[in-house]
Amino acid sequence: MKSLKAQNHPLSNSRYELDLLESPETGIPFSEKLTESGLYPLKPTQIEILQLNLGKMCNQVCKHCHVDAGPDRKEIMSREIMQDCLEVLKNQEITTIDLTGGAPEMNPDFRWLVEAIRKIKPQAKIIVRCNLTIILANPKFHDLPEFFKKHNIEVVSSLPYFTAMKTDAQRGDGVFEKSIKALKMLNEVGYGQENSGLILNLVYNPAGAFLPGSQEGLEAEFKKRLANPYGIVFNSLFTITNLPISRFLEYLIRSGNYEVYMEKLIEAYNPSAAANVMCRNTISVGWDGYLYDCDFNQMLELKVSCRESQHIRDWNQQKLNNREIVINQHCYGCTAGAGSSCGGATA
Amino acid sequence: MKTYYDPEDLKKFGKIGEFQKSMADKFFDYYGEVFKEGALTAREKSLIALAVAHAVQCPYCIDAYTVDSMEKGCDEEQMMEAVHVAAAIRGGASLVHSTQMMNKVKEISM
């Protein structure tokens, strides 16, 4: 399967996506809901997390991917931009560095970056969003579990279901089997094991046009079904709602589910989840160094609103702290039900 | 096309209190309480609801609890097994009455 961009699909154009999301049929503007909750304009609380998108290159082509990542995407973060990110980390009180992609490990400077971050921030939480199959994709990646362990990196991995049928339907043929192998490799070096201090969290995205159920209930089921028959252990399950952008939006439209899904997200709007959205304490950095309120805004090319600080080179903490967060109709995805963020439910 | 069952009507379920509020309020409070996590998990309750929806042949409930079961992490195999439970009980309920027929046959036969 090719990326939407490689197919020249209209939905690979962020302006086209936004026009669709902003059309009156989509429902009540998100800004109105925030106003009702006393949250508009949405402002940051404190920047605690720096999420670095190391590139759109990936060994998988998942059907719901909001990045439209895949092997045909060549955009990756250069070492020069990484140096700019390190400068910001040296000078700012950021406690979590979240490395994502694509498959962030495919960036040739991935290991260099992790080592450099660890030198600057020995105590910080470093997260890698590892798609699991990358560990098996090439012998040069087989030692990733050891590398993660050496630098005490928290591993967050997507596994949409505990059966092959649903996982492969979303992430591609054979992904479940490889993911199970990779999880076993992570478990073997101590990840997810009690008292090891090595954190392995899984991410659940619904494989279709429905919302995730209770995080607690799903975590219990995943723990049971992965322990038996696979003998796999992990720490927590994060439930993440699929946002109506990029490939998931393409799926919604193609399957005739778009209107009903949007209606469902809007109906499920939860003010408590809105108060805890991740964009209030996160800055997302694109592969080319531009700054965004979140990874989803990044894919929609909605840069942070403060024009003086839109690139990592021009980082201005004061301007960023006082900015208005850019919102649109896709934001309903983070405020529905129990809420959704890169760290799971928020309400 | 007009039909007796319109999927759009499911959204109006919460508005039945328009004609009789106190009973509707009591019903929905009870309904909410029933489906909370308890001695049974919310997931198990959703599968029971799905099976009952098929037994009572309510299209609204089938739609609602198919989605609900999927949201709670059930897979197609589990959902179909739940429907088979409903089918087995419905089928069994007919067949177990055959004992009455058999009793009667024996009663009036030489």
Side-chain angles (χ1 to χ4, degrees), chain A residues 27 64 158-170 176 202-226 237-242 252 255-257 259-268 270 333 336-340 344-345, chain B residues 1 3 5-18 24 28 31-54 58-85:
Chain A
H64 70 306
S158 283
L159 189 73
Y161 209 61
F162 39 74
T163 64
M165 191 175 86
K166 275 195 191 300
T167 300
D168 290 0
Q170 186 186 80
F176 181 75
L202 297 184
V203 168
Y204 164 87
N205 287 89
F210 55 97
L211 305 187
S214 133
Q215 186 165 275
E216 207 184 357
L218 283 163
E219 182 182 290
E221 193 63 19
F222 265 69
K223 286 200 164 170
K224 192 170 83 184
R225 300 288 289 266
L226 289 178
L237 181 80
F238 299 153
T239 53
I240 300 189
T241 303
N242 290 311
L252 287 174
S255 61
N257 281 302
E259 281 169 20
V260 173
Y261 190 76
M262 286 308 297
E263 212 174 280
K264 197 161 186 169
L265 289 182
I266 295 171
E267 263 173 31
N270 178 353
S340 179
Chain B
M1 189 180 73
T3 61
Y5 286 113
D6 180 350
E8 288 297 306
D9 284 344
L10 178 56
K11 293 177 197 158
K12 301 176 191 163
F13 186 28
K15 293 176 185 160
I16 60 163
E18 203 180 303
F28 285 119
Y31 195 101
E33 195 63 31
V34 164
F35 281 95
K36 280 184 186 164
E37 294 273 342
L40 293 173
T41 64
R43 189 173 172 281
E44 288 163 341
K45 289 178 183 181
S46 188
L47 282 171
I48 294 171
L50 182 70
V52 175
H54 283 78
C58 167
Y60 301 119
C61 312
I62 291 171
D63 268 4
Y65 282 95
T66 298
V67 175
D68 192 67
S69 295
M70 290 183 79
E71 288 181 348
K72 291 192 165 58
C74 305
D75 65 19
E76 288 84 342
E77 196 180 358
Q78 293 167 329
M79 289 159 70
M80 188 55 88
E81 281 188 20
V83 177
H84 276 292
V85 172

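We name chains A, B, ... by the order of the sequence lines, and we start the count at 1 in each one. Just so it is clear, the structure is predicted and the values come from calculations on it, not from any experiment. Keep in mind that the numbers below use all heavy atoms, side chains included, and drop hydrogens, waters and symmetry copies.
Neither the backbone nor the side chain of A/Phe222 has a heavy atom closer than 4.5 Å to any heavy atom of chain B. When heavy atoms are compared at a cutoff of 4.5 Å, A/Leu211 approaches chain B by way of both its backbone and its side chain. For chain B, the nearby part of A/Pro212 is the backbone; its heavy atoms alone come within less than 4.5 Å.
Taking the salt bridge (charged side-chain N to carboxylate O under 4.0 Å, His left out) definition, one finds that B/Asp9 meets it with B/Lys12, sequence neighbours left out.
Of all residues spanning residues 62-70 of chain B, those with a heavy atom less than 4.5 Å away from chain A's heavy atoms are B/Val67, B/Met70, arranged by number. Of residues 32-49 of chain B, those residues lying under 4.5 Å from chain A by any heavy-atom pair are B/Arg43. Scanning residues 73-82 of chain B against chain A with a 4.5 Å non-hydrogen threshold yields B/Gly73, B/Cys74, B/Asp75, B/Glu76, B/Gln78, sorted by number.
Taking CD of B/Glu71 as the start and OG1 of A/Thr239 as the end, the distance is 11.0 Å to the nearest 0.5 Å.
A salt bridge links B/Lys11 with A/Glu263; the closest basic N to acidic carboxylate O contact falls under 4.0 Å.
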